[in-house]
Amino acid sequence: MTKTTETVIAYKGFDKNLQCRGYQYKIGETFTHDGPVKQCESGFHACQNPLDVLDHYGLGDGNRFARVILGGKIDRSDDRKWASAEITITAELKLPDLIADAIKFVRDACGKGAEGVQAASGDYSKLAASGYYSQLAASGYSSKLAASGYSSQLAASGDYSQLAASGYSSKLAASGYSSQLAASGDYSQLAASGYSSKLAASGYSSQLAASGDYSKLAASGDSSKLEISGAKSAAAAVGYNSRVKAAAGCPVAICEYDADYNPISFATGIAGQDGVPADTWLIAVSGKLVAA
């Protein structure tokens, strides 16, 4: 077990009330834990990699994210989640901020030459990885990233970038406009902040989120969640038990199923119009979009 007393920057997820496991936090305040510090058991927990936060608090459901500072004793026995005796919630991060920090983290990790990570800064770069837990990052526009191993992480900041992952639990993030993200593995999470982005997922329980305008989200896997906050965006969910949250003015389509899990119709509408709630998780019931 590795424990230090240094101060480090990390990232933490919360529910919509800024709580984690029932503990109430507040932006700008420091909290101290009295007692042992042990990963997954005691102390304040946070992740070094912004994308790893999504393992604990996924996109959607009103979950919130923050950049934090860990202090005092720090248990690093797990590389993906640390425990500390002290935590300061320095700043809340919106989706574009989280993506930007994630891209920087992955690029920095790639720059260190760590095994299983690749980075490219030039335009039109192409990166591919087949091993598990691979990390790929590109900052030039029109870059292309692809990974087939599960739990892979792909990040791109340049415009017109294309990211694709086939392994389950993969995470894709892009901040440039007109980026395209696609994942076929289950439990994948896709996030884009640039406008005119396109996100598609076929695995079940996938989560897609886009904050830029003119974004398009599509999911065919069951129990998928799609969230669009940018204007003039659209989302469509085909899988059983899927749901969509959309900003006012955004078209939404959700497939409805019968008691035997057979698709029977599409419920369509525009968030914020004709009784369809905006900024609310929607499902399809009796041919209509209603609050989940």
Side-chain angles (χ1 to χ4, degrees), residues 1-15 18-59 63-93 95 97-119 129 131-137 147 149-155 165 167-173 187-189 191:
M1 180 181 298
T2 301
K3 292 186 180 180
T4 68
T5 56
E6 63 182 306
T7 298
V8 297
I9 296 175
Y11 298 84
K12 185 170 181 61
F14 312 85
D15 64 16
L18 208 67
Q19 294 182 351
C20 177
R21 299 177 66 85
Y23 192 95
Q24 183 66 60
Y25 293 85
K26 187 175 181 180
I27 304 299
E29 292 195 0
T30 298
F31 302 87
T32 302
H33 168 75
D34 294 326
V37 174
K38 188 174 182 180
Q39 191 268 333
C40 282
E41 291 188 14
S42 57
F44 301 106
H45 290 76
C47 300
Q48 180 188 25
N49 184 343
L51 292 180
D52 285 340
V53 174
L54 301 180
D55 289 338
H56 312 284
Y57 286 90
L59 300 168
N63 291 336
R64 300 162 69 179
F65 308 95
R67 189 184 299 114
V68 304
I69 296 177
L70 303 182
K73 293 181 179 179
I74 301 176
D75 180 2
R76 300 194 189 198
S77 53
D78 185 335
D79 290 338
R80 303 184 68 181
K81 183 172 67 172
W82 296 343
S84 68
E86 183 179 284
I87 188 170
T88 301
I89 316 301
T90 59
E92 184 168 2
L93 302 177
L95 181 59
D97 306 317
L98 186 69
I99 292 175
D101 280 21
I103 290 171
K104 183 180 184 302
F105 176 86
V106 176
R107 287 185 59 197
D108 289 346
C110 295
K112 295 176 182 177
E115 183 178 359
V117 297
Q118 302 179 50
Y132 304 146
Y133 304 105
S134 298
Q135 296 183 353
L136 292 81
Y150 68 83
S151 293
S152 298
Q153 298 187 6
L154 294 77
Y168 68 84
S169 294
S170 297
K171 299 170 187 173
L172 295 76
Y187 304 106
S188 296
Q189 300 194 32

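Keep in mind it's a predicted model, so treat the numbers as computed, not measured.
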Minimum heavy-atom separation for [X] to [Y], with atom names?
X: Ala173; Y: Ile99; value: CB-CG2, 3.9 Å
X: Ser152; Y: Gly131; value: OG-O, 3.9 Å
X: Leu95; Y: Ala191; value: CD1-CB, 3.8 Å
X: Ala46; Y: Ala10; value: CB-CB, 3.8 Å
X: Gly71; Y: Ser84; value: O-CB, 3.8 Å

Just jot down the side chain to side chain donor-acceptor pair (under 3.5 Å) partners of [X], sequence neighbours excluded, or say none.
X: Tyr168; result: none
X: Tyr11; result: Asp101
X: Ser169; result: none
X: Thr32; result: none

Could you grab the distance from atom [atom1] of [X] to atom [atom2] of [Y], nearest 0.5 Å is fine?
X: Tyr187; Y: Leu54; atom1: OH; atom2: CG; result: 16.0 Å
X: Leu51; Y: Ile103; atom1: CG; atom2: CD1; result: 8.5 Å
X: Asp15; Y: Arg21; atom1: CG; atom2: CZ; result: 12.0 Å

Q) Can you tell if the side chain of Asp78 reaches within under 4.5 Å of the side chain of His45, non-hydrogen atoms only? A) no
Q.
What I'd like to find out is whether the side chain of Gln48 reaches to under 4.5 Å of the side chain of Phe105, using heavy atoms alone.
A. yes
Q: Measure from the side-chain N and O atoms of Asp75 to the backbone N and O of Gln39, and report whether any donor-acceptor pair falls under 3.5 Å.
A: yes
Q: Could you tell me whether a side-chain N or O of Thr90 sits under 3.5 Å from a main-chain N or O of Arg67, the two making a donor and an acceptor?
A: yes
Name all residues meeting the side-chain contact (heavy atoms from CB on, under 4.5 Å) criterion together with [X]; count only those two or more places apart in sequence or in a different chain, and write none if there are none.
X: Asp52; value: Cys47, Asn49, Asp55, Arg80, Gln153, Lys171
X: Phe14; value: Lys12, Leu18, Cys20, Tyr25, Ala66, Ile89
X: Glu41; value: Lys38

Q.
Are there over 12 heavy-atom neighbours, none belonging to Ile9, within less than 6.0 Å of that residue's CD1?
A. no
Q) Trp82 and Phe44: side chain to side chain contact (heavy atoms under 4.5 Å, CB included), yes or no, with the steps? A) CA-CA 8 Å; Trp82 296 343; Phe44 301 106; over 6 Å; no
